[in-house]
Amino acid sequence: MKILVINCGSSSVKYQLLDMDEEKVLAKGLCERIGTKGGRFKYTPYHQGAVVWEKFIPDHKSAVEMVLRALSHEKYGVVNSIDAIKGIGHRIVHGGEYISQSVIIDGKVKEVINICTELAPLHNPANLMGIKACEELMPDIPMVGVFDTAFHQTIPAYAYLYGIPYKLYEKYKIRKYGFHGISHKYVAARAAEILGRPLDNLKTVSCHLGNGASVCAIKNGQSVDTSMGFTPLAGLVMGTRCGDIDPAIAAYLMKKENLTVEELEDVLNKQSGVFGLSGISNDFRDIENAQIKNDPQANLTMEVFSYSVSKYIAQYAMAMDGMDALIFTAGLGQNSYIVRQDICTNLKSLGVEIDKEKNRYCTDAQIISRQESQVCTMMIPTDEELAIARETKALLLNQKHCAGLAAV
Ligand code: ADP
C-alpha cells in the first residue's frame, strides 16, 4: 500500500512517498519558497541522487502538482501512475480540544482545522491549503489528518490549566496543548519495543531536541504532561525561542524598549533561546564548535540549555512517580553526545547512569545507559513521516470514520 505523506508550511511542502507493505521510502523531497522569488523543488527517489528544479512555484496546488509529476516521471519516477497512491497522510499542527487521534479528513475535520486557525495562525491555514490541493488533484484518494496536538489530549486538567481566570480558559480555550506529539508517541512505542516491555506498563520521558524542543511525560503509553504549552514558545530554551520566562517580562520589555506586540513576539520567538543567549547561532553545532575554543558565552548557553532540559525530566519523573526510560531524539538529541551526557550528568540522583562509550558512539536506536542504571536511557531517531504513514494506513484499512473527533 503506497502512502503519500504531506507536511505543508506557509511557504513550503515537505513530502514522502512510502511503500507501507515494506515500510520503505520510495521518494522524498521539499518544495520551498512557494509564492515568492527563488522557488526550489527538491526530489530524491530511492534509486538515484537528488534532483533539484529551480522555478517559480505560485501556490501549494502547483507544488503538489510538481510532486505528483516527479513521482510518476518517466525518468525519475517511482510509480507508473499516481493511481498507485492509495492514501494521503497530512501532518496537521493544531486540533485544539476537538481531535484526540488521527482522523479521516472530511468536511467536519476541515471545519475543525479552520476553527483551530486561531490557535495556530501560521500552520493550520497552510495545512488546509495542502488538503485542498490534494483534493483538487487526487479527488478519489482518501486523506487522513495526523495532528501534532492529538497525543497530548490525555493530559489531565490539573496539568493543562494555567493559573489564570478559569473564564479565560472557557472563553478563549487558553490552556496547554503541547506539540511534537507525533514524534513523542513514535519514540515511546519504539522504546517499549527495544526494551521488550509493554508500552502500557512503562513510565517514559521523551526529549525531542531539535531547533524546536520539548519534553513529554508518557505514562502507560499516554501523554500526561509536556513542556510546550498554549503555543510552541513555552518550555525549554530552544534554538531561537525563549521557553519559560516570567510572564511579566513581556510587559516590562514592551515598555522599556518601546516594542509593539509584533516586535515583542519577534524577540521571544526569533531572537531568543540559544541564539540570543550565545550571540553566536541558533545551530547547536556552531555552539559546540565555539565550546571547543572555550568560548565562555557558548559554555554558559549550553549550561542553561541542559539545565532547562534536566529540570523538566526531573519534574516528569516526579509527576509519574518514577521513570523507567529516558529517550533522546531529533536533530540535537540524536546527534550530540555531549548534550546527552551533560543532561544525564544532572540526573544522577534520579538513577540515570549513562555508559560514556555507548553514548559517544551510538548511531542508531540503542540503549546508552549502563546495565545497572535504574533508568534505561536511549537514543532513538524519530521518524514522523513513517508515523504518519502508519496511522494513515491503519485508519484506511479500518475505516474508523472520525474516531477521536469530538463534537464541533
Ligand atoms: P527542526 O525540525 O526543529 O528544525 P531538527 O530535529 O532537524 O529540528 O534539529 C535541528 C537542530 O539539530 C539544529 O539546531 C542543529 O544544530 C542540531 N543538530 C543537528 N546535527 C547536530 C550535531 N551533529 N551536533 C549538534 N547539533 C546538531
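Indexing begins at 1, ligand by ligand and atom by atom, following the structure's order. All values below come from the heavy atoms of this structure, side chains included, with hydrogens, waters and symmetry mates left out.
- Shown here are the ring pair (Phe, Tyr, Trp, His ring centres under 6.0 Å) partners of His94, two or more places apart in sequence or in another chain: Tyr177, Phe179.
- Considering Ile327, Thr377, Asp225, Ile313 as possible partners of Val205, the one that fulfils the side-chain contact (heavy atoms from CB on, under 4.5 Å) test is Ile313.
- Looking at Leu202 and Arg197, their side chains come closer than 4.5 Å, going by heavy atoms from C-beta outward.
- Phe328 has its side chain out of reach of Tyr337: every pair of non-hydrogen atoms, C-beta onward, lies at least 4.5 Å apart.
- With sequence neighbours excluded, the residues forming a side chain to side chain contact (heavy atoms under 4.5 Å, CB included) with Met1 are Ile3, Asp21, Lys86, Lys393, Leu396, Leu397, listed by chain and number.
- Near ligand 1, Gly210, Asn211, Gly212, Asn282, Asp283, Phe284, Arg285, Glu288, Ala330, Gly331, Leu332, Asn335, Ser336 each place a heavy atom less than 4.0 angstrom from the ligand.
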For residues 6-17, which side-chain donor-acceptor pairs fall under 3.5 Å, sequence neighbours excluded?
unit_1 : atom_1 : unit_2 : atom_2 : d
Tyr15  : OH     : Lys42  : O      : 2.7

